[in-house]
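Written below as structure tokens is the structure these notes are about.
We name chains A, B, ... by the order of the sequence lines, and we start the count at 1 in each one. Just so it is clear, the structure is predicted and the values come from calculations on it, not from any experiment.
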2 protein chains.
Amino acid sequence: MSLPHAILTALLEKPSSGLELTRRFDRSIGYFWSATHQQIYRELGKLEAEGHIRALPSEQPARGQKKSYEVLPAGRAELARWTAASQDPKPHRDPLLLRLRAAAVVGTAGLEADLNRHLELHRRQLADYEKIEQRDFPPGKDAPHDRIRHLVLRAGIDLETFWTQWLTHALEEFAELPESGTT
Amino acid sequence: MSLPHAILTALLEKPSSGLELTRRFDRSIGYFWSATHQQIYRELGKLEAEGHIRALPSEQPARGQKKSYEVLPAGRAELARWTAASQDPKPHRDPLLLRLRAAAVVGTAGLEADLNRHLELHRRQLADYEKIEQRDFPPGKDAPHDRIRHLVLRAGIDLETFWTQWLTHALEEFAELPESGTT
DNA sequence: CTTCATTTTGCAACTAGTTGCAGAACAAGC
DNA sequence: GCTTGTTCTGCAACTAGTTGCAAAATGAAG
């Protein structure tokens with residue numbers, strides 16, 4: 001049950017409408033918690049019903065149609081509670097590793113191309129992250145909340161680094177393997 | 001849609017009953033594709049209906065009640081197809097990183113203990129993997145399917161290594177942070 | 001052979017996330 | 001005005017995974 005808390009965090013960082021949230025979930029927040037706009041609208045409805053957020057009515061005099069939401073004290077309290085609560089790590093699910101294991105049984109034919117594609121995607125993501133790091137975390141900024149956000153970004157950077165290295169290594173191994181068929 | 005293919009892979013490695021599969025999903029396969037026994041039984045039913053697997057009737061003369069399944073040629077073909085098919089990487093979902101980001105807004109109170117707990121869990125998982133590596137992949141074994149399985153295990157080892165390092169670093173940063181409240 | 005516990009299989013209901021579609025509001029062109 | 005396209009919001013149906021519970025089969029104990 002993380003989506004409502006992801007939304008609360010995003011709204012605390014900046015009150016937003018559903019669409020603005022959707023856009024932000026495609027960037028920053030979505031890097032480690034993705035969501036579609038339908039999930040977001042549904043969840044906004046629930047959070048409002050529960051009294052955790054409310055629509056900012058003012059701004060435009062009732063015409064500008066984008067409903068923007070802000071977090072109420074109850075919502076902030078719930079987020080703090082959730083953040084502090086102990087949670088067990090969920091077991092991983094990685095289809096690519098699964099495919100590799102299957103390939104050990106049915107053959108590696110066709111897999112190499114997709115490994116290359118994934119490598120390229122991870123390289124691109126890594127480059128994005130590094131650009132964000134340069135932009136948002138120049139040496140010397142160290143307010144506590146910046147340090148924590150930087151830590152999160154580092155996790156992203158190091159994970160992408162790991163995957164590019166692992167995929168590179170995997171492709172080297174593939175190159176040495178005898179060809180094995182599709183059957 | 002990876003579960004059926006995870007099951008096909010497991011059954012190709014060794015024909016098994018539902019319960020045996022469940023046990024194996026708690027170990028090896030489940031390290032990167034977990035599943036509950038209910039998922040497995042349901043999926044076995046579907047796979048049988050589709051003609052991808054069949055129950056081994058023989059063995060015990062109709063008495064030994066554990067239904068064991070084996071993969072049929074159609075199932076193997078489907079697995080090979082799926083393995084070779086291109087798949088987009090799904091976006092990550094990591095509640096711990098999300099909580100950290102929330103903590104940057106609502107305060108880090110209470111989070112440190114859980115980071116320590118996760119660190120301990122990842123260390124234990126890492127130790128498990130390393131034991132498996134020593135047992136199953138002593139230097140010198142390099143049949144192709146062994147090399148591929150070793151590659152998969154290396155991904156697990158390196159990922160756990162990454163998390164223990166990152167969590168250690170995060171905890172160091174926390175130690176330097178001024179205390180921040182629950183509000 | 002009956003009773004009780006355990007193992008193995010499975011159904012049903014629920015939660016979370018995805019996909020397809022559609023209506024309401026605004027914006028631009030005629 | 002009216003039509004057309006785009007933005008923003010949202011419903012409904014579907015898929016995947018989880019949780020709770022229970023029946024059937026076996027095994028052990030009396």
Which pairs, protein N/O on one side and nucleotides 4-6 of chain C N/O on the other, fall under 3.5 Å?
none

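- Between the CZ atom in R54(A) and the CG atom in L56(A) there is a gap of 7.0 Å [rounded to 0.5 Å].
- A donor and an acceptor atom, one from each side chain of Q87(B) and H118(A), are nowhere located under 3.5 Å apart.
- Remark: the S2(A) side chain and the R93(B) side chain contain no N/O donor-acceptor pair separated by less than 3.5 Å.
- Between E78(A) and R81(A) there is a salt bridge, since at least one side-chain N of the basic residue sits less than 4.0 Å from a carboxylate O of the acidic one.
- For L19(B) and dA24(D), the CG to P distance is 19 Å, given to the nearest whole Å.
- Between R124(A) and E120(A), at least one side-chain nitrogen of the basic residue sits less than 4.0 Å from a carboxylate oxygen of the acidic one, meeting the salt-bridge criterion.
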Using the side-chain contact (heavy atoms from CB on, under 4.5 Å) rule, take L96(A) and L115(A) through it: C-alpha gap first, then chi angles, then the decisive distance, then the call. CA-CA 9 Å; L96(A) 192 61; L115(A) 291 184; 4.0 Å; yes
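- A salt bridge is defined here as a Lys NZ or Arg NE, NH1 or NH2 lying under 4.0 Å from an Asp or Glu carboxylate O, and D114(B) with R117(B) meets this definition.
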When every nucleotide of nucleotides 10-20 of chain D is labelled 5' to 3' by its protein contacts under 4.0 Å (heavy atoms), B for base, S for sugar-phosphate only, - for none, what sequence of letters results? BB----SBBBB
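- Across all their heavy atoms, Q125(B) and Y31(B) have their closest contact at NE2-CE2, 3.6 Å.
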